[in-house]
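Numbered from 1 within each chain, the chains take letters A, B, ... in sequence-line order. Predicted model only: the values in this text are computed from it and were never measured.
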Protein chains: 2
Amino acid sequence: MNELAAVTALAALAQESRLAVFRLLVQRGPDGYPAGEIGEQLGIPGPTLSFHLKELAVAGLVAARKDGRFIYYSPNFERMRALVGYLTDNCCSLAATCAPECAAPVVTRRKRKAA
Amino acid sequence: MNELAAVTALAALAQESRLAVFRLLVQRGPDGYPAGEIGEQLGIPGPTLSFHLKELAVAGLVAARKDGRFIYYSPNFERMRALVGYLTDNCCSLAATCAPECAAPVVTRRKRKAA
DNA sequence: TTCATGTTTCCAAATATATCAAAATGTAGC
DNA sequence: GCTACATTTTGATATATTTGGAAACATGAA
């Protein structure tokens with residue numbers, strides 16, 4: 001993930017409604033929810049929700065799958081993982097400062113340069 | 001870290017200049033850089049930089065320390081760690097989906113409830 | 001005090017974002 | 001075809017963010 005992609009993803013999550021939408025989708029898992037269901041659960045009117053879903057989709061954080069008249073939105077875990085990876089790699093000091101789950105990480109994710 | 005704090009921190013990082021500033025400070029470490037040095041390294045005019053530094057400070061991501069005529073800005077690693085923790089806890093599916101450094105996390109960061 | 005320097009505040013303009021009513025699009029069933 | 005429903009697009013408006021010049025503020029040195 002490059003800087004532009006990171007900024008885009010961060011901006012997508014840096015908004016109350018969108019963060020709520022994304023959290024809801026994460027809770028739900030890969031099946032996702034149709035737009036209407038999301039709007040109902042969070043009390044967001046259609047056009048507003050549509051606007052926010054598009055932002056999340058542009059940032060690559062959610063995927064849309066059409067099924068009949070419904071459009072199911074689901075979280076892109078891979079993308080989210082990439083964002084967290086970017087933050088830990090670039091925005092924390094050394095090694096595992098921002099990877100709290102790891103007591104003592106031994107290997108990093110970086111590819112070794114050819115000698 | 002609650003939702004509001006998360007949104008604030010995400011918004012602080014969701015801007016090209018600010019992300020660059022924060023990355024620079026992280027690279028630098030706890031000693032920090034005076035504002036002028038940051039501006040010079042990144043080519044950001046004084047008033048603009050001041051505005052961005054304030055945003056980062058309000059979000060709790062940087063600390064300011066005065067030393068003579070200089071104001072040294074340094075990253076708040078604890079805060080960043082909290083943000084990454086929030087994201088992994090709330091915005092990733094199960095367990096370690098977004099903690100790439102960990103092959104098999106055994107313990108979580110959560111405090112055990114008193115029995 | 002005066003000067004030079006580092007940084008911020010003030011201000012105004014340009015740009016971007018958020019919201020939602022109304023209209024449009026797409027789809028399923030009749 | 002028509003109707004009903006799910007969702008998006010349009011378009012207008014309100015609000016917020018970003019930018020940087022000029023001026024102000026703060027500090028240290030002479």
Side-chain angles (χ1 to χ4, degrees), chain A residues 3-25 28 31-76, chain B residues 3-25 28 31-76:
Chain A
E3 192 156 334
L4 176 59
V7 167
T8 306
L10 288 167
L13 294 176
Q15 206 277 342
E16 203 181 317
S17 297
R18 285 197 296 268
L19 185 57
V21 167
F22 190 72
R23 288 183 60 180
L24 182 68
L25 291 178
R28 169 66 165 170
D31 286 354
Y33 278 130
E37 177 86 22
I38 300 171
E40 198 175 334
Q41 288 209 35
L42 301 178
I44 302 173
T48 301
L49 177 63
S50 197
F51 168 78
H52 288 311
L53 283 171
K54 199 204 251 171
E55 295 277 295
L56 286 168
V58 165
L61 287 168
V62 305
R65 164 176 50 88
K66 212 164 185 179
D67 182 12
R69 281 179 300 184
F70 299 85
I71 298 180
Y72 284 80
Y73 286 91
S74 55
N76 183 342
Chain B
E3 193 157 332
L4 175 60
V7 166
T8 306
L10 288 167
L13 295 176
Q15 207 278 342
E16 204 181 317
S17 298
R18 284 197 297 267
L19 185 56
V21 167
F22 190 72
R23 289 183 59 180
L24 181 68
L25 292 179
R28 170 65 167 171
D31 286 352
Y33 279 130
E37 177 85 24
I38 300 170
E40 196 175 336
Q41 289 211 35
L42 301 177
I44 302 174
T48 302
L49 178 63
S50 197
F51 167 80
H52 288 312
L53 284 172
K54 199 204 252 176
E55 295 276 296
L56 287 168
V58 165
L61 287 168
V62 305
R65 163 176 50 88
K66 212 164 185 176
D67 182 10
R69 280 179 303 187
F70 299 84
I71 298 181
Y72 284 80
Y73 287 90
S74 55
N76 183 342

Of P34(A) and R18(B), the one whose nearest nucleotide on DNA chain D sits closer to the 5' end is P34(A)
For a quick check of understanding: with a heavy-atom distance under 4.0 Å over all strands, which category does Y73(A) fall into, base, sugar-phosphate or nothing? sugar-phosphate
Heavy atoms from other residues, nucleotides or ligands near CD of E40(B) exceed 12 (cutoff 6.0 Å): no
Identify the heavy atoms of L19(B) and E3(A) that sit nearest to each other, and give their distance. CD2-CG, 3.9 Å
Y33(B) to L25(B) - nearest heavy-atom pair and separation: N-CD2, 4.0 Å
Touch class at under 4.0 angstrom, heavy-atom based, for G46(B) against every strand present: base
Below 4.0 angstrom from OP1 or OP2 of dA18(C), is there any side-chain N or O of T48(A)? no
Can you tell me the distance, in whole Å, between the CZ atom of R69(A) and the C1' atom of dC5(D)? 4 Å
Nearest-angstrom distance from the residue atom CD1 of I71(B) to P of dT7(C): 7 Å
Check every strand shown and say whether P47(B) touches a base, only sugar-phosphate, or nothing at a heavy-atom separation below 4.0 Å. base
Sorted by position of nearest nucleotide on DNA chain C, 5' first, the leading residue of K66(A) and F51(A) is F51(A)
Atom-to-atom span, CD1 of I44(A) to P of dA6(D) - whole angstrom: 18 Å
Keeping R18(A) on the side-chain end and H52(A) on the backbone end, is there a donor-acceptor pair under 3.5 Å? no
Write down the distance between CD (E16(A)) and P (dT17(C)), rounded to a whole number of angstrom. 18 Å
Roughly, in whole Å, what's the span from CG in L49(B) to P in dG20(D)? 11 Å
Nucleotide nearest K54(B) when distance is taken to its side chain, options dA6(D), dT9(C), dG6(C): dT9(C)
If the cut-off is 4.0 Å, is S50(A) near the phosphate of dT8(D), judged by side-chain N/O to OP1 or OP2? yes
Shortest non-hydrogen contact from A14(A) to A14(B)? CB-CB, 4.5 Å
Between P on dA16(D) and CD on Q15(B), what's the gap in Å once rounded to a whole number? 18 Å
Nearest-Å distance for atom pair CD/P, residues E55(B) and dA16(D): 13 Å
Interatomic distance where NE2 belongs to H52(B) and P belongs to dA16(D) [whole Å]: 18 Å
